[in-house]
There are 2 protein chains.
Amino acid sequence: MTTPLVIGLNAAIVAVTQEVPRILTVKRPDHSLALPGEMVSEDGAFLDALPFGPLDARADPTLELGLRGWVREQTGIELGYVEQLYTFGDRNRDPEEHEGGARVISVAYLALVRERQLFGAAEASWRDWYGYFPWEDWRLTRPSIIDREIAPSLAQWVAAASQPATRRRCQERVDIVFGLNGAAWDEERVLERYELLYEAGFVAEKARDRMLRTKLQPGSQNRHSPSPSQTETPSLGRPMALDHRRILATALGRLRGKIKYRPVVFELLSSTFTLLQLQRVVEALAGVRLHKQNFRRLVEKGGLVERTGQFDPETGGRPAELFRFRREVLRERLAPGVGLPGAIRSLES
Amino acid sequence: MTTPLVIGLNAAIVAVTQEVPRILTVKRPDHSLALPGEMVSEDGAFLDALPFGPLDARADPTLELGLRGWVREQTGIELGYVEQLYTFGDRNRDPEEHEGGARVISVAYLALVRERQLFGAAEASWRDWYGYFPWEDWRLTRPSIIDREIAPSLAQWVAAASQPATRRRCQERVDIVFGLNGAAWDEERVLERYELLYEAGFVAEKARDRMLRTKLQPGSQNRHSPSPSQTETPSLGRPMALDHRRILATALGRLRGKIKYRPVVFELLSSTFTLLQLQRVVEALAGVRLHKQNFRRLVEKGGLVERTGQFDPETGGRPAELFRFRREVLRERLAPGVGLPGAIRSLES
DNA sequence: TCCTTTATGCTCAGCTTGAGTATAAAGAGC
DNA sequence: GCTCTTTATACTCAAGCTGAGCATAAAGGA
């Protein structure tokens, strides 16, 4: 009767150590290796994957509890801050497994953990997330990969479109999304950038998915507006298993948005910190450098932190005062709803 | 082996007509009627429900396409703007159906449609969403239900807590969430408000769920910190089936947030409109009155609209110019990322 | 013509933001 | 000790945005 269904629970578990944002990955056998003419990850037989576990429909009372449960089992990490991200349900998300049978719907979560911790069972490791998205780190300089590879490749892709109107739309999209030709870089558009590269065929996942899909359904023709130049398609960024890089891009974009209006960064910091440490973590997430004095002004005036009176002598220069997060703001935050033009409080209009 | 799983697709379909925000509901037989001593909706044998359809794991290539498909079938509405909201997966979301068997995970979507439209099959109707959340409409005045019913009821609930510390925390939460005792009203906290009322036992769904749950699992004791005074528990707002009011609250909160930073309101308006019409729609969604001149300044300076040169003579006073949405802003929006203190564009820090 | 109603333009003070300048406090080298 | 380097932190200033209101314009009706 009904096709069997599996609910997968994926976690993008984020930590920041030494100014490097990291994501917890596990090794997953590369099923595509069995096929001929297949792109293979550098490591050979394994691909990076986000920690994954199926929902136990009988035992897990809640999706989130299910997630916490097997993350604990699998990595020894007790998750703190957890937030549901998105539910991925496209068919052929997972063209490899379950070929005959079950369809996998994945509910993805974002989790923030405080510092890197040791973990137990599975073959897990922390990886710099900019390894997967080298074009996202603008802290030191505009990433060279953009001008060296992305822009030319995408230009080719745009040029390959037959209709002039299509070409214009594609060009516009490329410019907006990657901040080219005068458009500003918007650090939140992580997912849009990844999806554009995927569509254009410049990430390894695209080629892999196409190959697997045609193998599974030999009759199906997929028509993408402009098709990538088949000559030397670059493979940008480190690939992941299945659609996990898409999930990670979603997580990254969401997190970059969220730190701007909710005090979630503190989940990543130890209980006391200097303002520069705080700033560095925000910068690591946002992939952008910030103005120090203004940052400190904002944070202090926002009542987000309070002084401890203690100092960190390890700064190299004048010792920095240690601060702690003021949990009270969670309750105070009276008007996080900035944005409505002139919300009338007095109701006498 | 595995408990059977069903993926449900729920849609909160929103339209605004004559300054009333409406939600598309269908009638659903009230399964709890079969039980003794049950709270019943005013209509008797039926409860309002959000349109719902199961995912066809074999046929639907995408969750969103599945949703669009059966919304078309069921109501004749062709959805335009659709956005995934949240995935609800708690066990006992649906204590009525599937008692022996399947667990239902619901992926909820928010959809915006342009004006009210006619529809085809099922018994569907548009309802003022403030019927479900009478405390959310602050346009004319602070809703009287807050001081008349909510505040006293919640005060009782707080007082019922045994621990002083618990009492303090609950009081704080009540104040923040409902804007009492000096806290400001935050129109985005729709879900928090509903959940607080649910926890405290002042919405009909709580009593119903509790009854059904204890009936299904007679042994289970649920312990909520303070339990509601069993005397005369009010039933605030019109109830819905299952957890649909929770889903609706999620939709409302999300929409109220989104209109502030993405031009989605225009999905609800016809192609040309006066600025006051635009403002009224925003106000209907936000549940708050806005300052007219400042609203128009913001909208115009933001480049969101352009004049048509035509005028609407139906205003009652001086005719208002008709505007249209400038689709280009979708491409322009160069820096929607307001919020990072001093993002350094020049990268020379 | 006057009044009412809505539309629209303009002002003004207070606050926030972006970008600096200036000063303080530590350690290292002499 | 003094000087240099390094980082921390305080303070300034102009530009722009926000909240609130005043003023004028253009219609219809008494």
Side-chain angles (χ1 to χ4, degrees), chain A residues 19 184-185 260-261 272-280 282-283 286 288-323 333-349, chain B residues 19 184-185 187 260-261 272-280 282-283 286 288-323 334-349:
Chain A
E19 313 192 3
W185 175 260
K260 293 175 191 158
Y261 64 96
T272 70
F273 45 83
T274 70
L275 291 184
L276 188 58
Q277 284 165 352
L278 173 60
Q279 182 181 342
R280 291 295 182 228
V282 172
E283 290 174 339
V288 162
R289 207 154 269 295
L290 304 177
H291 186 280
K292 191 170 174 178
Q293 295 91 327
N294 291 347
F295 179 81
R296 102 175 7 246
R297 175 175 64 187
L298 197 83
V299 163
E300 284 188 285
K301 288 188 98 174
L304 290 173
V305 298
E306 64 190 357
R307 330 181 86 102
T308 64
Q310 295 181 303
F311 291 82
D312 175 9
E314 306 288 298
T315 58
R318 168 175 169 178
E321 184 157 8
L322 289 166
F323 288 75
R333 272 261 171 261
L334 295 184
V338 204
L340 283 186
I344 291 172
R345 301 293 169 197
S346 47
L347 288 174
E348 314 302 327
S349 144
Chain B
E19 314 191 4
W185 176 259
E187 65 277 347
K260 292 175 190 157
Y261 63 97
T272 70
F273 45 82
T274 69
L275 292 184
L276 187 58
Q277 284 166 354
L278 172 60
Q279 182 181 343
R280 291 297 180 227
V282 172
E283 290 174 339
V288 163
R289 206 154 269 294
L290 304 176
H291 186 280
K292 192 168 172 179
Q293 294 94 326
N294 291 346
F295 178 81
R296 101 175 9 245
R297 175 174 65 187
L298 197 83
V299 163
E300 284 187 285
K301 287 188 100 174
L304 290 174
V305 297
E306 64 190 357
R307 331 181 85 102
T308 64
Q310 296 181 303
F311 291 81
D312 175 9
E314 304 290 297
T315 57
R318 169 174 168 179
E321 183 157 10
L322 289 166
F323 287 75
L334 295 185
V338 204
L340 283 187
I344 291 172
R345 301 293 168 197
S346 46
L347 288 174
E348 314 302 327
S349 143

From [options], nucleotide with atom closest to [X] side chain:
X: A:L276; options: C:dT17, D:dA8, D:dA10; value: D:dA8
X: A:N294; options: D:dA8, C:dA19, D:dT18; value: C:dA19
X: A:R307; options: D:dG21, D:dA10, C:dA7; value: D:dA10

Per-nt protein contacts along nucleotides 23-30 of chain D (heavy atom under 4.0 Å; B base, S backbone sugar-phosphate only, - none) come out as --BBS---

Would you tabulate the side-chain donor-acceptor contacts of residues 309-319 of chain B under 3.5 Å, counting partners in other chains and residues two or more places apart, or write 'none'?
{"residue": "B:D312", "atom": "OD1", "partner": "B:E314", "partner atom": "N", "Å": "2.9"}
{"residue": "B:T315", "atom": "OG1", "partner": "B:G317", "partner atom": "N", "Å": "3.3"}
{"residue": "B:T315", "atom": "OG1", "partner": "B:G317", "partner atom": "O", "Å": "3.3"}
{"residue": "B:T315", "atom": "OG1", "partner": "B:R318", "partner atom": "O", "Å": "2.9"}

Rounded to whole angstrom units, what separation is found between the CZ atom of B:F295 and the P atom of D:dG21?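 Atom-to-atom, B:F295 to D:dG21, this comes out as 19 Å.
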
Just by distance, do the side chain of B:T274 and the backbone of B:L322 share a donor-acceptor pair under 3.5 Å?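 No: the side chain of B:T274 does not pair with the backbone of B:L322.
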
With side chains defined as the heavy atoms from C-beta onward, is the minimum distance between A:F295 and A:R297 less than 4.5 Å?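 When only atoms from C-beta onward are counted, A:R297 and A:F295 do not touch, as no gap falls below 4.5 Å.
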
Sub-4.5 Å side-chain heavy-atom contact between B:L276 and B:K292: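 Of all side-chain heavy-atom pairs linking B:K292 with B:L276, at least one is under 4.5 Å.
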
How long is the gap from CG on A:L298 to CG on A:L304, to the nearest 0.5 Å?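 Those atoms lie 7.5 Å apart.
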
A:E300 bridged to A:R307 by N-O distance under 4.0 Å: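 Judged by the 4.0 Å cut-off on N to carboxylate O distance, A:E300 and A:R307 do form a salt bridge.
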
On the side chain of B:R297, is there an atom forming a donor-acceptor pair with the base of C:dG9 - under 3.5 Å, no angle test?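 No pair found.
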
Do the side-chain N or O atoms of B:K292 get closer than 4.0 angstrom to the phosphate oxygens (OP1, OP2) of C:dA7?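 Yes, because at least one side-chain N or O of B:K292 sits under 4.0 Å from OP1 or OP2 of C:dA7.
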
